[in-house]
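Every number for a ligand or one of its atoms is a count from 1 in the order of the listing. None of these values were measured; they are calculated from a predicted model.
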Amino acid sequence: MLVYNTLVRRKQTFKPLSDREVGVYTCGPTVYWFAHIGNMKSYVSEDVIKRTLMHSGYKVKHVMNITDVGHLVGDANIGEDKVKMEARKEHKSALDVSRFYTHAFIEDMERLNIIKPDVICKATDHIPEMLALVKKLDEKGYLYKVETGMYYDTSKFKDYGALAGMDFEKLNKYLKAGARVERAAGIRNTTDFAVWRFSNSEEKEMVWDSEWGRGFPGWHIECSAMSMKYLGNHFDIHMGGIDHIPVHHTNEIAQSEGATGEKFVNYWMHMAFLKVDGKKMAKSLGNVYTIKELVEKGFDPIAVRLLFISGHYRQELNFTIESLKGMTNTLSMLYSFIDRMNGVLKSGGGSKDKAFMEFVDKSRKGFFSAMEDDFSTPEALASMYSLVRESNKRAESGMGAEEARHVIDVMLEFDSILGLEFDKRLSRTDKLSEEVEKLIKERNEARKHKDFAEADRIRRVLKEKGVTLEDTAHGTVWKSSD
Ligand code: AMP
Ligand code: ZN
């Protein structure tokens with residue numbers, strides 16, 4: 001399997017640290033508001049990567065954090081904590097705010113059929129682990145104290161900035177130019193960051209005592225502390241959005257490797273951004289959608305998932321309502337295709353064409369080689385669509401049940417990665433067909449006894465279920481309209 005590693009800026013053959021388990025850490029949401037579709041696109045891409053690893057036979061241990069303290073407005077070094085600010089606005093406690101948006105986030109993950117991480121860990125539950133890490137860094141001489149907190153002197157960490165492909169000087173210039181980091185008083189380098197911030201806030205749940213003074217953690221320290229707690233000092237894969245490369249992940253490396261003296265992560269993987277109507281998402285542009293809003297507009301979240309994976313995870317994706325409508329049609333085409341194959345399977349018999357069976361195998365191979373080459377979903381989907389096209393053609397000219405079985409099995413295998421819920425569709429059509437067949441039988445009985453009122457009633461019941469009947473010379477056939 002080939003994986004693009006940001007650290008070396010090229011694809012590398014994936015070699016796990018242990019053949020027992022692959023450790024994967026994902027930077028989770030800051031729970032001060034609903035996650036937007038850009039955030040959720042990253043989580044869907046990360047889910048597809050994880051599912052591919054699982055399909056290739058790796059046992060994955062997946063850890064995700066929930067940032068409920070420490071993330072300041074604008075990611076800057078000064079400013080207010082995002083969760084605390086929202087709590088003030090909503091006249092609620094910070095705990096109530098983070099609980100509410102954590103719940104909303106998990107709901108969105110479920111809607112998008114994202115497999116739940118094995119460990120979901122909250123920053124506020126891991127303050128002792130973070131303080132232990134701060135202590136190690138302090139003992140090793142990486143930290144200095146200013147009025148607002150304990151800061152990491154990034155000039156002391158060898159290779160600081162390597163993840164961003166820059167040296168120390170260059171990254172400092174870059175951050176200064178972009179004004180990405182504001183400088184608090186007494187800070188030595190633009191890239192320096194707080195690992196502990198002093199605060200005498202009244203809100204007891206959001207401040208902790210420490211040997212350096214009362215306060216709360218800096219944002220980056222939580223990911224270093226929690227990832228190493230659950231996956232060990234050195235683990236396989238760390239993922240997040242590309243915005244995390246120059247600051248958040250660069251600082252995680254400085255903290256973890258500074259404290260342990262060991263390599264932290266082998267493969268760093270970054271998800272490209274989602275734009276809306278060709279523009280950056282911004283509240284001021286009114287183009288910040290949430291999954292819940294799209295569902296309320298009547299869209300199937302699985303169509304949103306399909307849209308997210310239609311592009312490569314390293315390529316920027318442009319979201320428009322038009323493109324989502326297009327994906328809704330594609331998804332319903334795929335579901336009808338599953339129904340059709342299931343119909344052929346249920347009708348039994350038919351022939352088996354060697355060339356067709358070989359084509360199915362070739363499509364299967366095409367799909368998985370694309371996924372194992374740095375998770376290329378566009379190419380994998382192209383293999384699947386060509387399988388659908390050829391199978392539909394084959395169904396016109398007398399496909400056999402054994403062929404349909406093979407196509408369905410391969411589609412389900414694809415779906416173990418795509419997560420488009422083909423399995424649910426199959427069991428739904430199976431259930432529906434049992435019900436419909438039973439009602440058709442009852443209707444035939446009624447017609448035999450010239451009970452046309454009853455026959456019409458049954459036709460109406462079926463119509464309510466979206467099923468239309470057609471009486472042909474060979475008997476009654478039915479069609480489901482959705
Ligand atoms: P945050 O809650 O701000 O920490 O972001 C959660 C995740 O979403 C991080 O991995 C970010 O890098 C990612 N992210 C933020 N904005 C976008 C976007 N427009 N497109 C894709 N991913 C994003
Ligand atoms: Zn993180």
Is M239 close enough to touch ligand 1? Criterion: a residue heavy atom under 4.0 Å from a ligand atom. no
Against ligand 1, does M271 come closer than 4.0 Å with any heavy atom? no
Output field: ring centroids F193/Y151 closer than 6.0 Å: no
Any heavy atom of A272 closer to ligand 1 than 4.0 angstrom? yes
May I ask you to identify, for K280, whether its side chain, its backbone, both or neither come under 4.0 Å of ligand 1 on a heavy-atom basis? neither
Relative to the heavy atoms of L274, which atoms of ligand 1 are at a distance of less than 4.0 Å? 18 (C), 19 (N), 20 (N), 21 (C)
Hey, which atoms in ligand 1 end up nearer than 4.0 Å to a heavy atom of S42? 13 (C), 21 (C), 22 (N), 23 (C)
For T52 and E372: C-alpha separation, side-chain torsions, deciding distance, then whether side chain to side chain donor-acceptor pair (under 3.5 Å) applies. CA-CA 8 Å; T52 308; E372 292 192 359; over 6 Å; no
H248 atom NE2 and C223 atom SG as seen from the Zn ion (ligand 2), angle to 10 degrees: 110°
Does the plane of the ring in Y267 sit parallel, tilted or perpendicular to the ring in F14? Use 30° and 60° as the thresholds. tilted
Tabulate below the donor-acceptor pairs under 3.5 Å that side-chain atoms of residues 155-166 make, not counting sequence neighbours, or state none.
{"unit_1": "S155", "atom_1": "OG", "unit_2": "D153", "atom_2": "OD1", "d": "2.6"}
{"unit_1": "K156", "atom_1": "NZ", "unit_2": "G141", "atom_2": "O", "d": "3.1"}
{"unit_1": "Y160", "atom_1": "OH", "unit_2": "N251", "atom_2": "OD1", "d": "2.4"}

Are any of the N/O atoms in W219 less than 3.5 Å from those in ligand 1? no
Measure from NZ or CZ of K92 to the centre of the six-membered ring of F100, then state whether that distance is under 6.0 Å and the direction lies within 45° of the axis. yes
Min over P29, G241, G38 of heavy-atom distance to atom 23 (C) of ligand 1 lands on G38
Contact atoms of ligand 1, heavy-atom distance to D243 under 4.0 Å: 11 (C), 12 (O)
Cation-pi between R364 and F414: NZ/CZ under 6.0 Å from ring centre and within 45° of the ring axis? no
So if I count the atoms of ligand 1 from 1 in the order they appear, which ones are less than 4.0 Å from some heavy atom of M281? 19 (N)
Does NZ or CZ of R10 lie under 6.0 Å from the centre of the six-membered ring of Y4, at an angle within 45° of the ring axis? no
Near the Zn ion (ligand 2), is there an N/O/S atom from C27 that is less than 2.8 Å away? yes
Which one holds for H36 and ligand 1: side chain close, backbone close, both close, or neither close, with close meaning a heavy atom under 4.0 Å? side chain
Nearest-0.5 Å distance, CG of residue D68 to OG1 of residue T124: 3.5 Å
For D339 and N342, which I'm curious about, is there any donor-acceptor pair between the side chains at under 3.5 Å? no
Is the shortest N/O to N/O distance between K82 and ligand 1 below 3.5 Å? no
